[in-house]
Amino acid sequence: MAIQAPRGTHDVLPNQSAAWQHLEQVFREVSGRYGYQEIRTPVFESVEVFDRTAGETSDIVSKEMYTFTDRGDRLCALKPEGTAPIVRSVLEHKLTADGNVLRASYITPIFRYERPQKGRYRQAHQVGLELLNSANPAADAEIIEATVRFYEALGLEELSIRLNSLGRTECRERYRAAVLEHYQPYLATLEPEVRARMEGNPLRLLDSKDPKAIEARQGAPSILDFLEPEAQAHLAKVRQLLDEASVNYILDPGVIRGLDYYSDTVFEVTSDQLGAQSALCGGGRYDGLSQQLGGPSLPSVGVGMGIERALIVLEQLGKFPQPPKPDYFLISTGEQVLEKLRDVARNLRGQGYRVLYDLDARSVKSQMRQANSSEARFALIFGTDELSRQAVMQKELATGEQREIPLTDLVPTEALA
Ligand code: HAM
């Protein structure tokens, strides 16, 4: 069999790339309105960037990372997520040394050795925002608001914004113990894999998709009942700011997140259009991440939004962005008109029009077929009779309407030698 793309990866084909470019354009536009500037970090990092931050108990680090040893014997990893590399870069370049906040945006591939299915890939792509060096709840609200505005600008509808707080270290310790106690009677019924994951981080039981774990979740304690007063006040302020911004959210203590670096605010946006992999994006506050990398305290909050998942939803809504159509398809009726045709094509392109013609100048019938399938707005037919009058036949392909037009309607007089 011919060589294929690695399992879980996809080529973005020419007729799909316009949709990607559109999404990226909308992202740049919306994030720019909030003052975010793009940061680009390498596709691979030293493995400890992720070991130390994402949490050795998270699936992403313990099972899914693409690691390799380079020829200099350094242990590297393809980035499984975008946040830790950005904090690494911010620390390395001392970007917050002036004490100000830093707003960074990014567009990046991520690599996770997951079981591929619809909406879940081994190379996926995210657009994301990180707001670094602010402990203010206004930062959390800004990230969530910008996320929602991005999805609105893209045309996504009926999304659920799920908000939760994971509190701070002390409350999480107490909550972990309470969760373990709740699940104790059910432990024997759980799959060994679910149990192993739980032993690393009991909170993962709360967002497990395992049917037995879902059953056992009934009556489980809610983290919201454990929050320290500071965490409660932080959450209350974020909620107030979201209300002010008319962002409708659901308070959902089931939002736990698959990375271990979060504290206080966490959130996800989900869509019913997505099936099992329903999360369009996820994010939250990661005040301790900088210190895990050996840096100073750097309270920060951010979001990573899956590009493929947003495009799946757009497609299901019948809104998949289409490639732009050519303005003109130029049709030659023989060798003798080709030079003039190329001249006009060059000139129209110079004016900014999208122009196509058949390099091989096949039969007029074949060129007409190509013009129709290109969905160009106009075909311009270069016939010797018309050219002797400095004119061409213009056919509007959608209506079939055809009329002779002077070449000077298309290109300036001085360009017509
Ligand atoms: P995450 O929840 O692991 O968070 O990923 C964010 C989003 O990326 C997911 O909601 C999903 O849309 C998309 N995604 C993740 N993995 C895959 C995959 N295998 N296939 C397709 N799409 C995927 C993070 O990555 C954090 N860095 C987000 C963050 C930024 N937190 C703070 N700042």
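Just so we're clear, the structure is a prediction, and the values are computed from it rather than from any experiment. One-based numbering, in listed order, for ligands and for the atoms of each.
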Shortest protein contact, [atom] (heavy atom only):
atom: atom 5 (O) of ligand 1; value: Gln126 NE2, 3.2 Å
atom: atom 31 (N) of ligand 1; value: Tyr262 OH, 2.6 Å
atom: atom 7 (C) of ligand 1; value: Gly304 O, 3.4 Å
atom: atom 13 (C) of ligand 1; value: Gly306 CA, 3.6 Å
atom: atom 11 (C) of ligand 1; value: Arg309 NH1, 3.5 Å
atom: atom 12 (O) of ligand 1; value: Leu280 O, 2.9 Å
atom: atom 21 (C) of ligand 1; value: Gly119 O, 3.2 Å
atom: atom 20 (N) of ligand 1; value: Tyr121 N, 3.0 Å

So if I count the atoms of ligand 1 from 1 in the order they appear, which ones are less than 4.0 Å from some heavy atom of [X]?
X: Tyr106; answer: 30 (C)
X: Tyr286; answer: 32 (C), 33 (N)
X: Glu81; answer: 25 (O), 26 (C), 27 (N)
X: Tyr261; answer: 26 (C), 27 (N), 31 (N)

Would you say CG of Asp272 has more than 12 non-hydrogen atoms from neighbouring residues, nucleotides or ligands within 6.0 angstrom?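 Atom CG in Asp272 is not packed in, count stays at 12 or less.
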Less than 3.5 Å apart, any donor N or O on the side chain of [X] or [Y] sitting next to an acceptor on the other?
X: Glu81; Y: Thr83; value: yes
X: Ser366; Y: Gln370; value: yes
X: Gln21; Y: Gln25; value: no

Applying a 4.0 Å heavy-atom criterion (strictly less than), which segment of Tyr113 is in contact with ligand 1: side chain, backbone, both, or neither?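 Neither; nothing of Tyr113 gets under 4.0 Å from ligand 1.
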Contact partition for Ala279 relative to ligand 1, non-hydrogen atoms under 4.0 Å: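 Looking at Ala279 and ligand 1, atoms from backbone and side chain both fall under 4.0 Å.
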So is [X] polar-close to ligand 1, meaning N/O to N/O under 3.5 Å?
X: Thr83; result: yes
X: Met305; result: no
X: Gly283; result: no

Determine, using heavy atoms of [X] and all atoms of ligand 1, whether some pair is separated by less than 4.0 Å.
X: Phe267; value: no
X: Gly128; value: no
X: Arg112; value: yes
X: Ile110; value: yes
X: Arg257; value: yes

Between Tyr183 and Tyr186, what is the ring plane arrangement, given parallel below 30°, perpendicular above 60°, and tilted in between?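 Tyr183 vs Tyr186 ring planes: perpendicular.
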Can you label the angle between the Tyr66 ring and the Tyr113 ring as parallel, tilted or perpendicular, going by 30° and 60°?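 Tyr66 vs Tyr113 ring planes: perpendicular.
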Going by side-chain hydrogen bond (donor to acceptor under 3.5 Å, both in side chains), Asp140 matches just one of Arg285, Lys237, Arg239. Which one?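 In the set Arg285, Lys237, Arg239, the residue that makes a side-chain hydrogen bond (donor to acceptor under 3.5 Å, both in side chains) with Asp140 is Arg285.
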Pick, from Glu114, Glu130, Arg285, the option with the minimum heavy-atom distance to atom 18 (C) of ligand 1.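 Among Glu114, Glu130, Arg285, the closest heavy atom to atom 18 (C) of ligand 1 comes from Glu114.
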Evaluate the criterion ring-ring contact (aromatic ring centres under 6.0 Å, His included) for residue pair Tyr121 and His125; output intermediate values, then yes/no. CA-CA 9 Å; Tyr121 314 105; His125 299 79; 8.9 Å; no
For Arg28 versus Glu38, what's the shortest heavy-atom pair and its separation?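 Of all heavy-atom pairs spanning Arg28 and Glu38, the closest is NH2-OE1, 3.6 Å.
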Taking the ring centre of each residue, are Tyr249 and Phe267 less than 6.0 Å apart?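 No, the ring of Tyr249 stays outside the 6.0 Å limit from the ring of Phe267, centre to centre.
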When you measure from the centre of the six-membered ring of Phe226, is the NZ or CZ of Arg172 under 6.0 Å away and within 45° of the axis?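 No.
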Side-chain heavy atoms of Ser263 within contact of Leu166, under 4.5 Å: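 They are not in side-chain contact.
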Is any side-chain heavy atom of Ser134 closer than 4.5 Å to a side-chain heavy atom of Arg103?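 No. Closest side-chain heavy atoms not under 4.5 Å.
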Among Ile86, Leu95, Leu91, Val101, which residue satisfies the side-chain contact (heavy atoms from CB on, under 4.5 Å) criterion with Leu132?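 By the side-chain contact (heavy atoms from CB on, under 4.5 Å) criterion, Leu132 pairs with just one of Ile86, Leu95, Leu91, Val101: Ile86.
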